[in-house]
Engineer: 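Below is a structure I'd like to ask you about.
Just so it is clear: chains get the letters A, B, ... in the order the sequence lines come, proteins before strands, and each one is counted from 1.
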Amino acid sequence: MKNKLTLFAALITLVLAGCTKDMVSEKYTFFRPIYKTKAEVKANIKSAAAVNVATPGKLFVKGNYAYLNEINKGIHIIDFSNPSSPKNVAFITIPGCEDMAVRGNYLYADCYTDLVTMDISDPLNIVVKQFIEGVFPHRIYAGGFVADTNRVITEWVRVDTVITHRMEKKQQWIVMNDVLMSFASTSSNYSSSSSAVTNGTGGSMARFGLMGERLYTISWNDLKVFNTSDASKPVYVKTITMNQGNIETIFPYKDKLFIGSQSGMFIYNASDPDNPVKQGLFAHARLCDPVIADDHYAYVTLHGGTICGGFSNQLDVVDISNLSAPTLIKSYTLTSPLGLSKDGNTLLICDGKDGLKVFNAAIASNVTQTGTIAGIETYDVIALNGIALTVAKDGLYFINYSNPSAPVITGKVTITHE
Amino acid sequence: MNIKYGLVLLLMFCGLIVSAQKKVSKGSFIVNAQLSLLNGDDQTEGQIALTTGYGFLNWVVGAGAGFDYYKYRTVPVFADVRRYFGTGNRRPFVYGNIGVDVPWPTSDQKKSNGWWGTTESRFKNGIYSDVGFGYTLFSNKNRGFFTALGFSTKMLTEMYNETIWNGSTSFVAERSYEYTMNRFLLKFGYKF
């Protein structure tokens with residue numbers, strides 16, 4: 001009898017203890033990567049009819065074609081031979097693609113950790129020419145996600161889920177993945193080449209940059225050199241460790257590489273194209289910093305309030321006449337600057353929700369605003385002979401800035417966000 | 001915040017009024033002021049509540065409200081039913097409460113910290129319930145102390161916006177938590 005009572009008491013204790021477990025039913029959404037093998041991915045890189053632009057990334061221009069990255073999915077080819085009526089003509093499926101460059105008739109793009117070269121003579125029938133595998137081993141996805149680098153993520157599937165678990169103390173950390181989101185690149189007006197094969201125009205936020213017969217790419221903390229003498233078969237040359245993380249952008253100008261990091265702008269001398277050497281540094285507070293340059297000045301937009309840190313939002317004009325000791329000429333306050341581009345004395349800056357701002361930069365110490373395209377939220381711009389290709393939240397705009405006091409929108413490719 | 005305080009104070013005030021009137025014919029108005037110790041999942045907190053009801057024969061039917069500090073500060077508002085057994089001043093009873101648990105989180109309970117900055121949660125009402133048994137130590141039929149042991153469940157939903165990444169870009173989505181908190185209550189109260 002006593003044993004039965006003890007057993008009963010133990011059972012009651014267990015039951016009562018179980019009754020006081022606090023439970024929580026947690027409902028949330030996440031995206032799960034779908035992997036394919038590299039062989040499958042290679043077999044499926046091809047061009048097809050145009051598709052809607054949904055999540056645009058970086059922009060590259062060559063001739064009358066704009067190459068607009070669809071982040072991690074591929075590249076849109078947009079014919080803007082008539083800027084008043086741009087045409088989205090084709091889409092190249094390249095899983096894991098975020099950066100690109102065009103030299104001659106060849107498109108270089110990252111395919112997650114690989115570099116792929118394609119012949120784009122016929123945009124509707126591109127031909128894959130070469131894969132260099134594993135040259136970008138440190139590819140980082142937003143939110144700290146670490147992917148399986150032996151395979152390629154081809155798709156992300158939305159998962160709405162509910163899980164029930166014991167209630168813990170309140171969750172205190174929320175993943176704000178957007179902080180690592182990259183925006184599209186801005187323009188470099190340098191397209192030099194001693195050979196007949198010409199390079200396209202990349203931008204200040206690009207991670208791929210072409211200079212002569214070399215393709216330079218940056219990763220988190222290194223600079224890679226590829227020899228593109230034979231444009232159809234780039235050859236990996238070397239990796240230069242920068243002893244500095246947070247590298248964001250590369251802007252080749254003449255024989256110099258302007259490399260933007262979250263803590264400053266590095267200047268590398270690439271007069272020996274295979275062996276760029278660090279020549280100078282312009283340090284600034286920890287901020288995101290797209291950079292472009294001309295013969296005398298570098299223009300750096302500092303964008304605060306993101307993962308890059310800092311809260312300043314400004315344009316810094318830096319004297320680079322002495323490349324070993326760049327000095328600040330003047331800072332100009334802006335709202336939320338991102339990409340920028342310069343054509344002659346006209347400087348164009350994407351200033352977030354304030355739109356595209358046009359400046360007269362003839363005098364570095366007195367950069368004055370001359371015009372604005374308001375009402376669009378801009379990320380990136382490439383200025384080419386009076387036409388600015390501007391990536392905004394709702395579309396890729398073609399803006400005529402021939403009259404810097406009265407820029408006008410001439411055409412648009414709509415972004416659907418679907 | 002003030003509305004919730006006001007609601008509870010109004011109930012208390014009404015209870016005092018009806019108790020003072022004591023227009024007893026077959027039954028009477030009864031007020032219970034009670035303090036509870038809540039013992040749940042790795043946490044012990046307190047609750048104060050006031051119920052008021054109409055007593056008829058061995059039954060008391062009424063409503064109550066209070067402040068509940070278990071994990072999330074809430075204001076339970078509930079219907080209250082009691083059944084007394086036996087006669088005399090010392091009687092056992094059973095009770096049951098069912099109602100709504102209105103969240104009234106503290107500023108700390110509302111906040112979730114992100115990589116930079118914070119986000120503020122939103123809350124939705126949940127169900128509140130409490131069942132148990134007790135024993136009276138009355139000095140007369142309508143006035144005196146009581147103690148009770150009960151089992152209570154309160155529920156509420158917390159929601160906040162978070163930025164999620166779809167492999168290409170990020171957007172804002174809602175994350176929600178439906179909490180179910182179970183506690184044993186040890187009550188001490190005064191009936192008048």
Engineer: Does atom NZ (A:Lys412) have a neighbourhood of more than 12 heavy atoms from anything else shown, all under 6.0 Å?
Structural biologist: yes
Engineer: Applying ring pair (Phe, Tyr, Trp, His ring centres under 6.0 Å), name anything that partners B:Phe78, two or more places apart in sequence or on another chain.
Structural biologist: B:Tyr128
Engineer: List in chain and number order the residues that pass ring pair (Phe, Tyr, Trp, His ring centres under 6.0 Å) with A:Phe31, two or more places apart in sequence or in another chain; answer none if no residue qualifies.
Structural biologist: B:Phe171
Engineer: Return yes when atom CD1 of B:Ile127 has more than 12 non-hydrogen atoms of other residues, nucleotides or ligands closer than 6.0 Å, and no otherwise.
Structural biologist: no
Engineer: Roughly how far, to the nearest 0.5 Å, is CZ of A:Phe30 from CZ of B:Arg175?
Structural biologist: 10.0 Å
Engineer: Which atoms of B:Asp42 are under 4.5 Å from chain A, going by heavy atoms: the side chain, the backbone, both sets, or neither?
Structural biologist: side chain
Engineer: Considering all heavy atoms of both residues, which atom of A:Lys21 and which atom of B:Asp41 are nearest to each other, and what is their separation?
Structural biologist: CA-OD2, 3.5 Å
Engineer: With a 4.5 angstrom heavy-atom cut-off, which part of A:Arg32 approaches chain B: side chain, backbone, both or neither?
Structural biologist: neither
Engineer: Calculate, to the nearest 0.5 Å, the distance between atoms OH and CD belonging to A:Tyr28 and B:Glu174 respectively.
Structural biologist: 15.0 Å
Engineer: Should we say atom CZ of B:Phe133 is surrounded by more than 12 heavy atoms from elsewhere, each under 6.0 Å from it?
Structural biologist: no
Engineer: Take A:Glu26 and B:Glu178 through the side chain to side chain contact (heavy atoms under 4.5 Å, CB included) test and state the conclusion after the steps.
Structural biologist: CA-CA 6 Å; A:Glu26 186 176 356; B:Glu178 290 180 20; over 6 Å; no
Engineer: So, taking the atom named CE in A:Met167 and the one named OH in B:Tyr177, what distance separates them when rounded to the nearest 0.5 Å?
Structural biologist: 10.5 Å
Engineer: Under a 3.5 Å distance rule, please check whether A:Asp22 uses its side chain to pair with a backbone N or O of B:Asn182 as donor and acceptor.
Structural biologist: yes
Engineer: More than 12 heavy atoms of other residues, nucleotides or ligands under 6.0 Å from CZ of B:Arg122: is that the case?
Structural biologist: yes
